[in-house]
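So that the names make sense, note that chain A is the first sequence line, chain B the second, and so on, each numbered from 1.
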2 protein chains.
Amino acid sequence: MKTAPPSVEALIDLMARLPGLGPRSARRAVLHLIRKRALQLQPLADAMADVAATARECLNCGNIATSDLCPICENEERADGTICVVEDVADLWAMERTGGFKGRYHVLGGTLSALDAVGPEDLRLPQLADRVTSEEVREVILALNATVDGQTTAHYIAEMLEGRVSVTSLAQGVPIGGELDYLDDGTISAALRARKAL
Amino acid sequence: MKTAPPSVEALIDLMARLPGLGPRSARRAVLHLIRKRALQLQPLADAMADVAATARECLNCGNIATSDLCPICENEERADGTICVVEDVADLWAMERTGGFKGRYHVLGGTLSALDAVGPEDLRLPQLADRVTSEEVREVILALNATVDGQTTAHYIAEMLEGRVSVTSLAQGVPIGGELDYLDDGTISAALRARKAL
């Protein structure tokens, strides 16, 4: 059934592969773009071509960059002796949104996983060990997901860096605004173990 | 806060303006695209540039086309003497997905609306009157939304074409799979009035 011209159908197919868009919402988005083709479609095409040509991994931390180093690694003010280790770039952006961390990052590119056969050599772990020495790091903060694989990776890193640098991890506990009644048992137990004096 | 390079932030801003994507899902989509920049980002940029350069309105019906006529108006087999009138291209595509209509379409580009100051001259109504004559149309099927504005427009078209052509409208009633208990009163009343012999 050829409803739209082939080039439009091709665009819809490509858009439908984006996470968060299905075939129907891709159609709606493409229709919207075609209505505003001068104001939105052409600028979007240009922006995509630009990013496709220039985006790559920061050689130092693995963040997305358009030159050898990402904006964070280029900024000397962020060399404060701490490195925050995250699984992927999305986690780095989530940390950065809070505005609470002033140091640099290290993107692992995943977690150790026996099931998926991901070993230390598949992640950016050797680079992390190098950076601890070369950047005179005092503290490595592990901001890994609270999953089995995330915690396995955290323990591996703690052992790898033992005696060389202080290794800390994000606190686990009751989320802000969280109600005990709706929390899982594991979180409540962890919060109880990590209780602190008021 | 410069987390990502400026060109990536610019792309995220443009993506976030798409219907169905917010700032956060735009970020996720862009990250996904950058990870697959050779396989997805570049083809998507090319497809968008292609559509931006070629897409326009079909001169006959208002559907999206890449030449003067859309695929449906170019197809002589679809000149079966019926025209289905819809509000916008999304409705045309919804009709076309059903595969149940074999004639041609006419896209109004909106509905009459006193509130938004949309009069007959702002829609493709004169073109519809012309087509009824030039394409030897037997029946005009109104597939307008069952809203106040949609129904006002339907009545206007019925009056405009009175005596020249048979004007019909989509049936109103209980949707397939609908449960009476969950239907609004207006739909049940309409279904009762339009009851038919089994």
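For a residue to count as touching a neighbouring chain, one of its non-hydrogen atoms must lie under 4.5 Å from one of that chain's; by this rule B/Ser67 does not touch chain A. No part of B/Leu69 comes within reach of chain A, as not one of its non-hydrogen atoms sits under 4.5 angstrom from that chain. For chain A, no part of B/Asp13 is nearby; none of its heavy atoms comes within less than 4.5 Å.
One hydrophobic cluster, built from ILVMFWY side chains closer than 4.5 Å, cannot hold both B/Val132 and B/Val86; they sit in different ones. Taken together through direct or relayed side-chain contacts under 4.5 Å among Ile, Leu, Val, Met, Phe, Trp and Tyr, A/Val51 and A/Trp93 form part of one hydrophobic cluster. Follow the hydrophobic side-chain contacts under 4.5 Å out from A/Val118 and you reach A/Leu128 in the same cluster. By the criterion of side-chain heavy atoms lying less than 4.5 angstrom apart, applied directly or through intervening Ile, Leu, Val, Met, Phe, Trp or Tyr residues, B/Val140 is not grouped with B/Val107; the two fall into different hydrophobic clusters. The cluster map of Ile, Leu, Val, Met, Phe, Trp and Tyr, joined by side-chain heavy atoms under 4.5 Å apart, puts A/Tyr105 and A/Val85 in different clusters.
Within the 4.5 Å cutoff, no side-chain heavy atoms of A/Gln40 are placed close to those of B/Met48. Here the side chains of B/Leu11 and A/Asp50 are not in contact, with every heavy-atom distance at 4.5 Å or above.
For B/Asp184, the CG atom is densely surrounded, since the number of other residues' heavy atoms within 6.0 Å is greater than 12. Heavy atoms from other residues, nucleotides or ligands lying under 6.0 Å from CG of A/Leu115 number 12 at most. B/Glu121 CD: more than 12 foreign heavy atoms inside a 6.0 Å radius. When the shell of 6.0 Å around CZ of B/Arg24 is examined, it contains 12 or fewer heavy atoms from other residues, nucleotides or ligands.
Taking chain A as the reference chain and counting heavy-atom pairs below 4.5 Å, the highest number among B/Ala65, B/Ala55, B/Cys70, B/Ala94 is found for B/Ala55. Ranking B/Ala47, B/Cys58, B/Pro5 against chain A, the residue ahead of the rest is B/Pro5, based on heavy-atom pairs under 4.5 Å. Among B/Asn75, B/Leu44, B/Asn63, the residue with the largest count of heavy-atom pairs under 4.5 Å with chain A is B/Leu44. Heavy-atom pairs under 4.5 Å with chain A peak, among B/Val89, B/Leu18, B/Ile64, at B/Ile64.
Contact between B/Leu14 and A/Pro43 at its shortest, heavy atoms only, is CD1-O, 3.7 Å. For A/Gln42 against B/Ala52, the heavy-atom pair with the smallest separation is OE1-CB, 3.2 Å. The two residues B/Ala49 and A/Ala45 come nearest to each other via the heavy atoms N-CB, 3.5 Å.
Along residues 25-38 of chain A, the residues that come nearer than 4.5 angstrom to chain B, judged on non-hydrogen atoms, are A/Arg27, A/Arg28, A/Ala29, A/Leu31, A/His32, A/Leu33, A/Ile34, A/Arg35, A/Arg37 in order of number. Interface with chain B: from residues 141-179 of chain A, no residue qualifies, criterion being any non-hydrogen pair under 4.5 Å.
With values rounded to the nearest 0.5 angstrom, B/Ser7 atom OG is found 12.5 Å from A/Asp46 atom CG.
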